[in-house]
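All values below were derived from every heavy atom in this structure, side-chain atoms included, with hydrogens, water molecules and symmetry-related copies excluded.
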Amino acid sequence: VLRLGRESRPTPAPHDTADIPRFNESVDQSLSHAIGSYTRRIEQTRRLFMGILSHDLRNPLNCIRVAAGVVARHATDPDIAESVSMIESNADVIARLISDLIDFSASRLGAAMPLAREFVNLDPLCREIVQSFRSTHPDRSLQYTSSGELTGHWDAARLRQLISNLLGNALQHGSTQAPVELTAAAEDGTVMLQVRNQGDPIPAHMLNAIFDPLVRHATPETAHRRPPGSIGLGLYIVREIAVAHGGSVEVASTHDTGTTFTVRLPRRLHPSQEHPPARERSA
């Protein structure tokens, strides 16, 4: 363009020199816009692919789980029974991973997390989850306390996922010599859930990123306790579930008080929040 400009005007005008930087700036802006648009489209395609792949993996996985269940009911050989148990256990891990990936893909594509709201009493739900973790972690101490009326209009399956993710995170990163504590308490118009563990605190520079997807923090002592199928989506999904319910989640972590995750859930959404619009996500 500059060469053609020189050829068309052999004798430059006084303002031609000033036009050259403006032309270069215009080209730079166009290139920047094009690169940004291309990057967003590529990222959108990746998220869509991840969502479709995760969704399509469910059918063959369900076939594996059903077949393993049939074999387990008719297995008399101890070795076969043990092998089937391993298949079922690992299939459950893959199922949780696929579920996390589907939730992640949907939210990153801008879709609000779907909820099946019903009347829920958190107290028996918390007791059931804690008892399940006690069975799978017999060497660890889990404590549960509750106070007040713990009922609300929530999605029970999603809250089970939220509580399980927080307890699993606390068991992985907390001190093996101290208990993991789950507390549920009624507040004015809301219910508060807290999960607390002792151990090395989360570094201050990680507190703002701990709920971001695919971010994992682990010390050398806790890395080996990472559960199979963990890819750094647990706390991200906790936040998404809390936000979908119109609530919030916060974390505080110090040497003296340990690490505490606090979730607050309104008992019922305001009518204007019943169907929240899809949220924009940054790349």
Peer 1: Let's go through T151 and E149 carefully: what are the C-alpha distance in whole Å and the side-chain angles of both, what is the deciding distance for side chain to side chain donor-acceptor pair (under 3.5 Å) to 0.1 Å, and is it a yes or a no?
Peer 2: CA-CA 6 Å; T151 57; E149 184 67 25; 3.3 Å; yes

Peer 1: Any side-chain heavy atom of V195 within less than 4.5 Å of one from E181?
Peer 2: no

Peer 1: Under a 4.5 Å side-chain heavy-atom rule over Ile, Leu, Val, Met, Phe, Trp and Tyr, are L235 and M192 clustered together?
Peer 2: no

Peer 1: With a sphere of 6.0 Å drawn around CZ of F119, does it hold more than 12 non-hydrogen atoms of other residues, nucleotides or ligands?
Peer 2: yes

Peer 1: Hey, are the side chains of V263 and S248 touching, using non-hydrogen atoms and a 4.5 Å cut-off?
Peer 2: no

Peer 1: Looking at CG of L115 and CD1 of I241, how far apart are the two atoms once the value is rounded to the nearest 0.5 Å?
Peer 2: 8.5 Å

Peer 1: From Q172 CD over to T176 OG1, what is the distance, rounded to the nearest 0.5 angstrom?
Peer 2: 13.0 Å

Peer 1: Test of understanding: clusters of I, L, V, M, F, W, Y form through side-chain heavy atoms closer than 4.5 Å, transitively. Do I87 and V71 belong to the same one?
Peer 2: no

Peer 1: Rounded at 0.5 Å granularity, tell me how far CZ in R134 sits from OG1 in T136.
Peer 2: 11.5 Å

Peer 1: Looking only at heavy atoms, what is the nearest atom pair of A242 and L265, with distance?
Peer 2: CA-CD2, 4.4 Å

Peer 1: Evaluate the side-chain proximity of V238 to N169: yes if any heavy-atom separation is below 4.5 Å, no if none is.
Peer 2: no

Peer 1: Under 3.5 Å, side chain of S37 to main-chain N/O of A34, donor-acceptor pair present?
Peer 2: no

Peer 1: Give me the atom names and distance for the closest heavy-atom approach of V130 to Y144.
Peer 2: CG2-CB, 4.1 Å

Peer 1: Short question: side chain of R140, backbone of V180 - any donor-acceptor pair under 3.5 Å?
Peer 2: no

Peer 1: With no hydrogens and no angle check, do the side chains of T262 and Q194 hold a donor and an acceptor under 3.5 Å apart?
Peer 2: yes

Peer 1: Does the S26 side chain pair with the main chain of R22, one donor and one acceptor, at a distance under 3.5 Å?
Peer 2: no

Peer 1: Please check if the number of heavy atoms outside E82 that lie under 6.0 Å from its CD is greater than 12.
Peer 2: no

Peer 1: Can you give me the closest heavy-atom contact between H245 and R117, atom names plus distance?
Peer 2: CA-NH2, 3.5 Å

Peer 1: S164 and I129: which non-hydrogen atoms are nearest, and at how many Å?
Peer 2: OG-CG2, 3.8 Å

Peer 1: Between P266 and T190, what is the shortest heavy-atom contact and its length?
Peer 2: CA-CG2, 3.9 Å

Peer 1: Is there a donor-acceptor pair under 3.5 Å between the side chain of R196 and the backbone N or O of T257?
Peer 2: yes

Peer 1: Is it the case that atom CG in D139 sees more than 12 heavy atoms from other parts of the structure closer than 6.0 Å?
Peer 2: yes

Peer 1: Under a 3.5 Å threshold, yes or no: a donor from one side chain and an acceptor from the other, between Y236 and N165?
Peer 2: no

Peer 1: Hydrophobic cluster membership, with links at side-chain heavy-atom distances under 4.5 Å among I/L/V/M/F/W/Y: are I64 and V84 in one?
Peer 2: no

Peer 1: Any donor and acceptor pair, going by atom type alone, linking the side chain of S253 with main-chain N or O of I202 inside 3.5 Å?
Peer 2: yes

Peer 1: Would you say S32's side chain and D28's backbone share a donor-acceptor pair under 3.5 angstrom?
Peer 2: no

Peer 1: Would you tell me whether S132 and S135 have side-chain atoms, one donor and one acceptor, within less than 3.5 Å of each other?
Peer 2: no

Peer 1: Atom CD in E240, atom CZ in R158: separation rounded to 0.5 Å?
Peer 2: 10.0 Å

Peer 1: Is the shortest heavy-atom distance from the side chain of L182 to the side chain of L166 under 4.5 Å?
Peer 2: no

Peer 1: In terms of side-chain geometry, is the basic nitrogen of E187 or R264 positioned less than 4.0 Å from the acidic oxygen of its partner?
Peer 2: yes

Peer 1: To the nearest 0.5 angstrom, please state how far the CH2 atom of W154 sits from the CG atom of L122.
Peer 2: 4.5 Å

Peer 1: So, taking the atom named CG in D200 and the one named OG in S175, what distance separates them when rounded to the nearest 0.5 Å?
Peer 2: 8.5 Å

Peer 1: If every non-hydrogen atom of L193 is compared with every non-hydrogen atom of A184, which pair is closest and at what distance?
Peer 2: CD2-CB, 3.7 Å

Peer 1: Taking the side chain from H33 and the backbone from Q29, do they hold a donor-acceptor pair closer than 3.5 Å?
Peer 2: no

